[in-house]
Amino acid sequence: MAKKTPRTENSKPQFWLFKTEPDEYSIDDLATEKNCTWEGIRNYQARNRLRDDIRIGDQVFIYHSSCAKPAIVGLAIVTQEAYTDSAQFDPTSHYYDAKSPTDKPRWLAVTLRYQRHLANTITLAFIKKSGQFIDMELVARPRLSIQSVSIEHANAILQLAGATE
DNA sequence: GCCAACGTTGGC
DNA sequence: GCCAACGTTGGC
């Protein structure tokens, strides 16, 4: 079992990018709910990041995928670290996993709190053509649903996005 | 709706 | 542990 990466008191929050299909769950849904359980992650590498690397206070860019205009659309903050994703044990859930042992759950969730919409959304098309984001995971590893974002890229995105909604 | 990329499964 | 078959993701 991998160990948690210690996050010292004076270390800065890290930035992540979580993908969601807006038809399923959008930034507007998160804004309405204020807090949400980010469940349904069914990929081991993404799961490992939830388990080992994502900490309370980390910042999360919300990204809309599989839609007309894929883009980074909002910001959230992690308010609860990894816990068992209950959907894996719910046979009626789209995220049900019959093979996940109840005594050793495979899948984890975190809790996010809505922060804000980005005044200017940052489209995938822009990210690809701008040149300054070529080493983003979003470009290099587009299928990973939990991505890390460097401080430099995060700052650039926030600047482009405008200060507030 | 197509299809390339890539993650997962399972037989050997 | 390899790798072919299969399933899913997600941009276009």
Side-chain angles (χ1 to χ4, degrees), chain A residues 1-5 14-33 36-54 58-76 78 81-112 114-115 117-150 152-154 156-158 160-161:
Chain A
M1 181 64 105
K3 43 247 137 257
K4 285 193 170 192
T5 307
Q14 293 191 5
F15 286 87
W16 304 94
L17 181 149
F18 287 12
K19 292 195 292 187
T20 183
E21 298 185 17
D23 289 348
E24 295 292 321
Y25 192 85
S26 73
I27 187 68
D28 294 333
D29 296 321
L30 179 58
T32 302
E33 285 197 330
C36 82
T37 296
W38 202 267
E39 63 182 12
I41 299 299
R42 297 292 179 269
N43 165 283
Y44 287 104
Q45 187 159 12
R47 189 278 313 270
N48 292 349
R49 290 181 170 186
L50 292 177
R51 185 187 62 197
D52 302 332
D53 300 326
I54 294 180
D58 282 356
Q59 297 284 124
V60 176
F61 290 107
I62 304 298
Y63 174 85
H64 283 172
S65 67
S66 293
C67 56
K69 214 175 153 193
I72 303 170
V73 294
L75 251 192
V78 176
E81 291 178 13
Y83 50 90
T84 299
D85 179 346
S86 58
Q88 71 197 297
F89 300 127
D90 175 4
T92 67
S93 170
H94 176 64
Y95 300 117
Y96 179 60
D97 181 356
K99 291 179 184 165
S100 180
T102 47
D103 58 337
K104 201 165 173 262
R106 276 184 188 173
W107 307 115
L108 300 170
V110 296
T111 302
L112 295 186
Y114 171 79
Q115 289 196 303
H117 283 60
L118 301 188
N120 309 307
T121 64
I122 311 297
T123 65
L124 179 62
F126 175 82
I127 286 169
K128 283 182 168 173
K129 81 174 180 215
S130 82
Q132 64 180 310
F133 299 113
I134 42 171
D135 55 340
M136 271 192 88
E137 285 191 333
L138 196 58
V139 180
R141 307 199 43 210
R143 293 188 53 179
L144 189 56
S145 57
I146 302 276
Q147 309 199 344
S148 65
V149 178
S150 70
E152 292 73 22
H153 285 150
I157 291 162
L158 290 172
L160 290 161

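We use all heavy atoms of the structure for the numbers below, so side chains are in, but hydrogens, waters and symmetry mates are not. Computed from a predicted model, the values in this text were never measured in an experiment. To find a chain, count down the sequence lines: A is the first, B the second, and so on, and within it residues start at 1.
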What is the bend of the helix from B:dG1-C:dC12 to B:dC12-C:dG1 when you compare the axis at one end with the axis at the other, using five pairs each and rounding to 10°? 10°
Side chain to side chain donor-acceptor pair (under 3.5 Å) partners for A:Thr37, two or more places apart: A:Tyr83
Compile the donor-acceptor pairs under 3.5 Å between side chains in residues 59-68 of chain A and protein atoms, sequence neighbours left out, one pair per line.
unit_1  : atom_1 : unit_2   : atom_2 : d
A:Gln59 : NE2    : A:Gln115 : OE1    : 2.9
A:His64 : NE2    : A:Ile27  : N      : 3.1

Looking at every strand, decide which applies to A:Lys128 at a 4.0 Å heavy-atom threshold: base, sugar-phosphate, or nothing. sugar-phosphate
Considering all heavy atoms, the nearest A:Asn120-A:Leu160 contact: ND2-O, 3.1 Å
List for me each residue that meets side-chain contact (heavy atoms from CB on, under 4.5 Å) alongside A:Ser93, sequence neighbours excluded, and say none if there are none. A:Ala87, A:Asp90, A:Tyr95
Applying side chain to side chain donor-acceptor pair (under 3.5 Å) to A:Glu33 and not counting sequence neighbours gives A:Tyr25
Partner set under side-chain contact (heavy atoms from CB on, under 4.5 Å) for A:Asp28, not counting sequence neighbours: A:Ser26, A:His117
Residue list, salt bridge (charged side-chain N to carboxylate O under 4.0 Å, His left out) with A:Asp97, at least two apart or on another chain: A:Arg106
For residues 140-147 of chain A, dump all side-chain donor-acceptor pairs below 3.5 Å to protein atoms at least two apart in sequence or in another chain.
unit_1   : atom_1 : unit_2   : atom_2 : d
A:Arg141 : NH1    : A:Gln45  : OE1    : 3.4
A:Arg141 : NH2    : A:Gln45  : OE1    : 3.0
A:Gln147 : OE1    : A:Leu138 : N      : 2.8
A:Gln147 : NE2    : A:Arg141 : O      : 3.3
A:Gln147 : NE2    : A:Leu144 : O      : 2.9

Quick one: salt bridge (charged side-chain N to carboxylate O under 4.0 Å, His left out) partners of A:Arg49, sequence neighbours excluded? A:Glu137
Indicate every side-chain donor-acceptor pair of residues 122-129 of chain A with a distance under 3.5 Å to a residue at least two apart or in another chain.
unit_1   : atom_1 : unit_2   : atom_2 : d
A:Thr123 : OG1    : A:Phe126 : N      : 3.0

Return a single string for nucleotides 2-12 of chain B, one symbol per nucleotide in 5' to 3' order, where B is base contact, S is sugar-phosphate-only contact and - is none, cutoff 4.0 angstrom on heavy atoms. ---BBSS-S--
Where along residues 17-29 of chain A does a heavy atom come under 4.0 Å from DNA chain B, residue by residue in number order? none
